[in-house]
Amino acid sequence: MMLVKRLKAFAACGLLALGLAIIGCGGGGDDGTTGSGGRGTMNVRLADALDPTITALVINVTRVEANVDGGWQSIPVQETEVDLLDLVKNDILLATGDVPAGHYNQVRVFIDSATVTDSEGTHNVTIPSSEQTGIKLNVNADIEPNQIVTLLLDFNVDKSLIKTGSGVYKLKPVIPVVVKVLSGTITGMVHDSAGAVAPDTHVRAIYTGGGNYPDGTEVNTNYTLDDGTFKLWALLPGTYTLEFSRTVGETTETKTVEGVVVTANSNTDVGMVMLE
């Protein structure tokens with residue numbers, strides 16, 4: 001799938017690299033008087049976690065705003081149509097702009113439409129209140145005068161997309177957000193017990209030490225691609241246990257890899273993982 005073709009939505013949502021989850025929505029507008037004096041640059045980047053039950057999730061983002069010292073600032077959107085499933089291994093720049101220096105505690109993303117494609121075709125997705133009030137994300141970032149800060153927003157599709165009993169899709173985003181230079185990633189490749197690549201393997205990153213999360217916290221998840229590779233985004237430094245699980249027919253194969261260390265602004269490659 002081509003990035004431009006499938007980038008159909010969350011564009012302005014931007015990769016916000018800061019860290020927490022989604023909350024409700026609010027009102028407000030630009031307030032050029034806020035900030036601590038001087039101006040800096042905020043980049044918002046977007047990544048995604050795979051959902052093997054769908055082949056596309058296209059969103060259309062209309063605007064992105066960030067809250068500094070109580071006032072909302074617009075961040076110009078660079079992409080307006082995004083297929084989130086194109087962002088499993090590579091993030092993109094969704095929004096960037098000159099903003100007042102100061103402490104930023106929230107970002108909100110406005111999405112006016114979304115579609116999902118599954119085995120039965122393409123369907124419209126309901127996004128409660130997003131077009132009117134935006135999706136609010138908690139952040140904790142300080143921008144100093146003349147400083148560039150990049151936020152990474154990791155859109156977990158498999159946790160965010162809900163299909164009701166009547167077949168209607170709803171989007172209730174789960175989006176960890178971190179300052180990109182403070183977070184790291186984990187990559188690798190998974191093979192089944194016979195030695196073949198193992199697509200659609202569920203990969204969970206469980207925090208086991210380091211002080212950035214309570215021990216035992218599931219920080220992020222993803223699925224392997226058709227070539228067996230995976231990438232886990234937006235992981236704050238520390239030690240992780242990776243749990244792998246894949247079910248084919250009535251057979252389930254698993255694997256646990258302990259002691260995976262993540263450092264800031266770098267990738268940890270665990271190499272090939274063999275399911276058992």
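Just the heavy atoms: all of them, side chains too, but no hydrogens, waters or symmetry mates, feed the values below. Residue numbers run from 1 in the order of the sequence given. The structure presented is a predicted model; accordingly, all values stated were derived computationally and were not measured.
Each of Thr224, Val270, Leu50, Val273 was checked for a side chain to side chain contact (heavy atoms under 4.5 Å, CB included) with Val203, and the lone residue meeting it is Thr224. Exactly one of Val116, Leu57, Val88, Val174 qualifies for a side chain to side chain contact (heavy atoms under 4.5 Å, CB included) with Val157. That residue is Leu57. Each of Thr126, Asp118, Thr164 was scored for a side-chain hydrogen bond (donor to acceptor under 3.5 Å, both in side chains) with Tyr169, with one residue passing: Asp118.
No side-chain donor-acceptor contact under 3.5 Å links His103 and Asp69. For the residue pair Asp154 and Asn220, a side-chain donor N or O sits within less than 3.5 Å of a side-chain acceptor on the partner. Side chains of Lys172 and Ser160: no donor on one and acceptor on the other come within 3.5 Å. Judged by distance alone, the side chains of Thr115 and Asn124 never bring a donor and an acceptor atom under 3.5 Å apart. For the 3.5 Å distance criterion, the side chains of Asn267 and Thr185 qualify, holding a donor opposite an acceptor.
With hydrogens and angles ignored, the 3.5 Å screen pairs no side-chain donor or acceptor of Asn138 with any backbone N or O of Gln106. In this structure a side-chain-to-backbone donor-acceptor pair under 3.5 Å is present from Tyr207 to Pro237. The backbone N or O of Phe110 lies less than 3.5 Å from a partner atom in the side chain of Thr62, making a donor-acceptor pair.
Interatomic distance, CE of Met272 versus OG1 of Thr229, reported as 14.0 Å (0.5 Å rounding). The structure places OG of Ser113 at 11.5 Å from CG of Leu171, a figure rounded to the nearest 0.5 Å. To the nearest 0.5 Å, atoms CG (Asp48) and CG (Leu87) are separated by 6.0 Å. In this structure, Thr254 OG1 and Leu275 CG are separated by 7.5 Å, a value rounded to the nearest 0.5 Å.
What you find for Ile111 and Val61 is that their closest heavy atoms are CG1-CG2, 4.1 Å. Considering all non-hydrogen atoms of both residues, Met274 and Lys255 come closest at O-CD, 3.4 Å. Nearest heavy-atom pair across Trp233 and Asn90 is CZ2-N, 3.8 Å. Counting all heavy atoms, side chain and backbone alike, Ile75 lies closest to Ala66 at CD1-CB, 3.7 Å. For the pair Leu93 and Gln78, the tightest heavy-atom approach, listed with the atom from each and the gap, is O-CB, 3.8 Å. Here the closest heavy-atom approach between residue Leu235 and residue Ala205 is recorded as CD2-CB, 4.3 Å.
Between Met42 and Ile143 there is a side-chain heavy-atom pair separated by less than 4.5 Å. Thr41 is listed as a side-chain neighbour of Thr96, based on a closest heavy-atom distance under 4.5 Å. Annotation: side chain of Val77 is not in contact with side chain of Leu94 (no heavy-atom distance under 4.5 Å). With contacts defined as side-chain heavy-atom distances shorter than 4.5 Å, the pair Asp215/Thr208 does not qualify. Using a 4.5 Å heavy-atom cutoff, the side chains of Glu65 and Val107 are not in contact. Taking the side chain as every heavy atom from C-beta outward, Asn156 and Ile175 never approach each other to under 4.5 Å. The side-chain heavy atoms of Thr268 and Val260, taken from C-beta on, include a pair separated by under 4.5 Å. Within the 4.5 Å cutoff, the side chain of Thr117 has no heavy atoms near those of the Ile54 side chain.
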Discussion item. Walk me through whether Val149 and Asn43 qualify under side-chain contact (heavy atoms from CB on, under 4.5 Å).
Written reply: CA-CA 6 Å; Val149 172; Asn43 292 328; over 6 Å; no
Item to complete: Apply salt bridge (Lys or Arg N to Asp or Glu O under 4.0 Å) to the pair Lys159 and Glu218, showing each step before the final yes or no.
Response: CA-CA 13 Å; Lys159 294 184 177 181; Glu218 180 186 284; 2.6 Å; yes
Practice prompt. Run the numbers on Val190 and Phe230 for side-chain contact (heavy atoms from CB on, under 4.5 Å), then give the verdict.
Written response: CA-CA 8 Å; Val190 180; Phe230 69 91; 4.1 Å; yes
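Pairs engaging residues 237-246 under the side chain to side chain donor-acceptor pair (under 3.5 Å) rule: Arg204-Glu243 [sequence neighbours left out]. Within the structure, side chain to side chain donor-acceptor pair (under 3.5 Å) pairs that include any residue of residues 188-202 comprise Ser193-Glu253 (at least two apart or interchain).
Few gaps surround CD on Gln147; more than 12 heavy atoms of other groups in view lie less than 6.0 Å from it. No more than 12 heavy atoms of other residues, nucleotides or ligands lie within 6.0 Å of CD1 in Ile148, so this atom counts as exposed by the packing criterion. Counting heavy-atom neighbours within 6.0 Å of Asp269 CG, excluding the residue itself, gives a total above 12.
With salt bridges taken as basic N to acidic carboxylate O contacts below 4.0 Å, none links Arg39 and Glu144.
Grouping the Ile, Leu, Val, Met, Phe, Trp and Tyr side chains by contacts below 4.5 angstrom, directly or via other members, places Tyr223 with Leu84. Under a hydrophobic-cluster definition in which Ile, Leu, Val, Met, Phe, Trp and Tyr are linked whenever side-chain heavy atoms come within less than 4.5 Å, directly or via other members, Val181 and Val261 are assigned to different clusters. Under a hydrophobic clustering in which Ile, Leu, Val, Met, Phe, Trp and Tyr are joined whenever their side-chain heavy atoms come within less than 4.5 Å, directly or via other members, Ile162 and Leu85 fall into different clusters. In the hydrophobic clustering of ILVMFWY residues, with side-chain heavy atoms under 4.5 Å counting as a link, Val219 and Leu232 come out together. By the criterion of side-chain heavy atoms lying less than 4.5 angstrom apart, applied directly or through intervening Ile, Leu, Val, Met, Phe, Trp or Tyr residues, Leu236 is not grouped with Ile206; the two fall into different hydrophobic clusters.
Every side-chain hydrogen bond (donor to acceptor under 3.5 Å, both in side chains) that Thr53 has, sequence neighbours left out, goes to Asp51.
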